[in-house]
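Beneath this line is the structure, given in structure tokens, with notes to follow.
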Amino acid sequence: MRITGRLILSFVLVALFAAGISAILGNRAAQGNIQRFLREQGLTEGTEMPPPGMRHPPGEGFRGPPLRDREALLERLRSSQAQSALLAIAAALLVGGLLAYRFVRPIRQLTEVNRRYARGDRGARVVVHGNDELAELGTSFNHLADQLSAEQERQKQLLADIAHELRTPLTVMRGELEAMQDGLMEKSPENLGRLIEEVDLLTRLVQDLRLLTIADAGALEIHPAPVDLGGLAQEVMMAFNSKAEAKGIRLDAEARPVTVQADRDRLTQVIYNLLENALRHTPEGGSITVSTRPEGQQGVLEVADTGPGIPQADLPHLFERFYRSDKARTRETGGSGLGLAIAKALVEAHGGQIAARNRQGGGAIFTVRLPV
């Protein structure tokens, strides 16, 4: 039963209980006072009383009790009624207190669990009983605590991943600079160029992390304007032609004109990241197809490759930061693990959706939907 119904029922029961106790005690007290009054007057319960208004001749028949005796009887009746009311109120308070304690007990438990959680006991959970509002509140607290625990674990893992990604290029740079300083490595343009590439890598990594942080804070600036999704996809593909040819991969376009409301620069980054991911996972001799089409009130962009596809266990984690489906991949072969996370953040900032699935015959398909 819901708390509202339970409270109403409890109030009704307490009121009925108080009224019943008061009536029983008052009735018993009144009977006792009347019997006592009759005994004091030398009367019995069977004595015939004259009809109301009938007068008896002096010295004959029934004589009424003196006025002061009747007033004393009324006073005793009033006193007994007051005592009965006080006893009924005390009984009602006792019953109401017991009911209130039962209602307050789960609230106290929830308060205590909150205090323990605030003191750092992240394993504190509410023991849920029943299905009323308090049970729903306890369940909601447990769910929130579980989410916070999972988020803390993700944050710890994120910090560890960031430290790992920054440590590797810094270690390489430090080692080569020390070698140059000791005269063990020539300060040639090739060696300096390699160090510059490591600096560029660190710069891109920091920029990507900054973009994700801004997106998490909801402060990512988007300047939407009409953009031809098909034309933009073809422009980005042209920038990938030389890289795809070097790997022996064919790029195909099936771009139909569709105008969406989007930030052109941000959307370019989304397509770039998806194509880069597809190139990384498509073997030599494979192909990548980029298609666009209108679909209802949305513009759809799809990037399909002929790679090995996505393991089912990895599908729910593809858009997580620093996630690589192949744990053996390094940054050089598997990227930083931020490309798809950035694509997801940018698409959702546009009010769109991004998803991934396996295609029949092998390979993966990444689908982006944006409002037209």
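One is the number of the first residue; the rest follow in order along the sequence.
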Checklist entry - With sequence neighbours left out, what residues match Ser242 under side-chain hydrogen bond (donor to acceptor under 3.5 Å, both in side chains)? => result none
Next on the checklist: For Ala364, is there any backbone N or O sitting under 3.5 Å from a side-chain donor or acceptor partner on Asp305?
Outcome noted: yes
Item to check | Contacts of Asp200 that satisfy side-chain hydrogen bond (donor to acceptor under 3.5 Å, both in side chains) - sequence neighbours left out | outcome: none
Checklist entry - Which heavy atom of Ala345 sits nearest a heavy atom of Ala215, and at what distance? => result CB-CB, 3.9 Å
Checklist entry - For Arg204, which residues count as a side-chain hydrogen bond (donor to acceptor under 3.5 Å, both in side chains) partner, sequence neighbours excluded? => result none
Checklist entry - Does any pair with a residue in residues 247-261 pass side-chain hydrogen bond (donor to acceptor under 3.5 Å, both in side chains), and if so which ones, sequence neighbours excluded? => result Arg250-Asp252
Checklist entry - Under a single-linkage definition using a 4.5 Å side-chain heavy-atom cutoff for Ile, Leu, Val, Met, Phe, Trp and Tyr, are Ile196 and Leu205 assigned to the same hydrophobic cluster? => result no
Next on the checklist: Is there a side-chain contact between Leu229 and Leu267 in this structure, where contact means two heavy atoms from C-beta onward sitting under 4.5 Å apart?
Outcome noted: yes
Checklist entry - Hey, are Lys344 and Glu348 close enough for a salt bridge, meaning a charged N less than 4.0 Å from a carboxylate O? => result yes
Item to check | Contacts of type side-chain hydrogen bond (donor to acceptor under 3.5 Å, both in side chains), residue Glu245, not counting sequence neighbours | outcome: none
Next on the checklist: Quick check: closest heavy atoms across His317 and Glu320, and the distance to 0.1 Å?
Outcome noted: ND1-OE2, 2.9 Å
Checklist entry - At their closest point, which heavy atom of Val260 faces which heavy atom of Gly299, and how far apart are they? => result CG1-CA, 3.9 Å
Next on the checklist: Using side-chain heavy atoms (C-beta onward) and a distance below 4.5 Å, is Val290 in contact with Leu275?
Outcome noted: yes
Which donor-acceptor pairs under 3.5 Å do the side chains of residues 170-178 make with protein atoms, sequence neighbours left out?
unit_1, atom_1, unit_2, atom_2, d
Thr171, OG1, Arg167, O, 2.7
Arg174, NE, Glu178, OE2, 3.1
Arg174, NH2, Glu178, OE2, 3.2
Glu176, OE2, Arg194, NE, 3.0

Next on the checklist: What I'd like to find out is whether the side chain of Leu346 reaches to under 4.5 Å of the side chain of Gln269, using heavy atoms alone.
Outcome noted: yes
Checklist entry - Hey, are the side chains of Leu301 and Val258 touching, using non-hydrogen atoms and a 4.5 Å cut-off? => result no
Checklist entry - Between atom CE of Met185 and atom CD of Glu190, what is the distance when rounded to the nearest 0.5 Å? => result 12.0 Å
Checklist outcome for this item: What one should report as the nearest heavy-atom pair of Asn191 and Met180 is CB-CE, 3.4 Å
Checklist entry - Which residues satisfy the ring pair (Phe, Tyr, Trp, His ring centres under 6.0 Å) test with Phe319, sequence neighbours excluded? => result none
Checklist entry - How would you list all residue pairs meeting side-chain hydrogen bond (donor to acceptor under 3.5 Å, both in side chains) that involve residues 352-372, not counting sequence neighbours? => result Glu295-Arg369, Gln298-Gln353, Glu302-Thr367, Arg357-Thr367
Item to check | side chain to side chain contact (heavy atoms under 4.5 Å, CB included) against Ile222, all qualifying residues, sequence neighbours excluded | outcome: Leu220, Pro224, Asp263, Arg266, Ala349, His350
Item to check | Inter-residue atom distance Leu338.CG - Leu212.CG, 0.5 Å rounding | outcome: 6.0 Å
Next on the checklist: A quick test of your reading: do over 12 heavy atoms of other residues, nucleotides or ligands sit less than 6.0 Å from CZ of Arg119?
Outcome noted: yes
Checklist entry - Hey, does the Lys NZ or Arg CZ of Arg125 hover above the aromatic six-ring of Phe141, less than 6.0 Å from the centre and inside 45° of the axis? => result no
Checklist entry - Counting distance only, does the side-chain N/O of Asn114 pair as donor-acceptor with the main-chain N or O of Leu110 below 3.5 Å? => result yes
Next on the checklist: Rounded to the nearest 0.5 Å, what separates atom NZ in Lys243 from atom CG in Leu251?
Outcome noted: 11.0 Å
Item to check | Side chain to side chain, Val300 and Val368, heavy atoms closer than 4.5 Å | outcome: no
Item to check | Taking every non-hydrogen atom, the tightest pair across Gly352 and Leu370 | outcome: CA-CD2, 4.3 Å
Checklist entry - Under the side-chain hydrogen bond (donor to acceptor under 3.5 Å, both in side chains) rule, what pairs show up with a residue in residues 213-235, not counting sequence neighbours? => result Asp216-Arg321, Glu235-Arg264
Checklist entry - Do Val270 and Phe366 touch side chain to side chain, with heavy atoms closer than 4.5 Å? => result no
Checklist outcome for this item: Across all chains, not counting sequence neighbours, the side chain to side chain contact (heavy atoms under 4.5 Å, CB included) partners of Gln147 are His143, Leu144
Checklist entry - Any side-chain heavy atom of Leu340 sitting closer than 4.5 Å to one from Leu274? => result yes
Checklist entry - If you measure from OG1 on Thr282 to CD1 on Ile249, what distance do you get to the nearest 0.5 Å? => result 5.0 Å
Item to check | Taking every non-hydrogen atom, the tightest pair across Ile354 and Val347 | outcome: N-CG1, 4.1 Å
Checklist entry - Which pairs, with at least one residue in residues 193-218 and sequence neighbours excluded, count as a ring-ring contact (aromatic ring centres under 6.0 Å, His included)? => result none
Next on the checklist: I'd like to know whether Phe240 forms a side chain to side chain contact (heavy atoms under 4.5 Å, CB included) with Ile288, so could you lay out the CA-CA distance, the side-chain angles of the two residues, the decisive distance to 0.1 Å, and finally the verdict.
Outcome noted: CA-CA 11 Å; Phe240 274 82; Ile288 298 173; over 6 Å; no
Checklist entry - Transitively linked via ILVMFWY side-chain contacts under 4.5 Å: Ile365 with Val303? => result no
